[in-house]
Amino acid sequence: MADKDVTITVSGRTISASPSSVQVKQNSEKVKWSLTGDDSITGAGIDFDNQPGWDVTLKKTGSTWSGTSKEFPDMGTFKYNITVDFGGSQEILDPDIIVVRGP
């Protein structure tokens, strides 16, 4: 199965994600996040509350921060936090990920 892509855009201190909600199949699909913004970004990550092992640290290559999840073992709708660090201060966006029954 192919990864599901989520594009994160940071403009000033505003974060947006496209799509704002992503659906993946349980135990078979991953999500690949790609973040673009300006040079004021010093770190970024994806954090799942109460889901140990699901967090993803985004790594910078050139001007893009990116990272890929593991496959999702549990079905349901989960909020995740996109955290962007601006040299000590942070902004957070919390879209959904929907995990449905796999193949």
Interatomic spacing from CD in Glu91 to CG in Leu93 - rounded to 0.5 Å: 10.0 Å
CE-CZ distance between Met75 and Arg101, expressed to the nearest 0.5 angstrom: 4.0 Å
Beyond-backbone contact of Val99 with Asp74, side-chain heavy atoms, under 4.5 angstrom: no
Side-chain donor/acceptor of Ser69 to backbone N/O of Val31, under 3.5 Å: yes
Asp3 side chain reached by Glu29 side chain, heavy atoms, under 4.5 Å: no
Residues Asp94, Ile82; criterion side chain to side chain contact (heavy atoms under 4.5 Å, CB included); working and verdict: CA-CA 6 Å; Asp94 61 346; Ile82 301 169; over 6 Å; no
Point-to-point distance, once rounded to the nearest 0.5 Å, from CD1 of Ile46 to OG1 of Thr57: 9.5 Å
Closest heavy-atom pair and its distance - Ser21, Ile98: OG-CD1, 3.4 Å
Considering all heavy atoms, the nearest Pro95-Ser20 contact: CB-O, 3.0 Å
Interatomic distance, Gln26 atom CD to Phe72 atom CZ [nearest 0.5 angstrom]: 11.5 Å
Ser89 and Arg13, any side-chain heavy atoms less than 4.5 Å apart: yes
Any side-chain heavy-atom pair of Ser66 and Leu35 under 4.5 Å: no
Test log, rule side chain to side chain contact (heavy atoms under 4.5 Å, CB included), inputs Val6 and Tyr80: CA-CA 13 Å; Val6 175; Tyr80 66 93; 4.0 Å; yes
Greater than 12 external heavy atoms within 6.0 Å of Lys59's NZ: no
Under 3.5 Å donor-acceptor, Thr42 side chain and Asp85 backbone: yes
Residues Ser40 and Asp38: side-chain donor-acceptor under 3.5 angstrom: yes
From Gln23 atom CD to Thr77 atom OG1, the distance as rounded to the nearest 0.5 Å: 8.5 Å
For Lys79 against Asp96, the heavy-atom pair lying closest together: NZ-OD1, 3.0 Å
Heavy-atom side-chain contact between Asp49 and Asn81 under 4.5 Å: yes
Trp54 and Phe78 aromatic ring geometry - parallel, tilted or perpendicular at 30°/60° bounds: perpendicular
Main-chain N/O of Phe48 paired with Asp55 side-chain donor or acceptor, under 3.5 Å: yes
Ion pair Lys32/Asp5, N-O distance below 4.0 Å: no
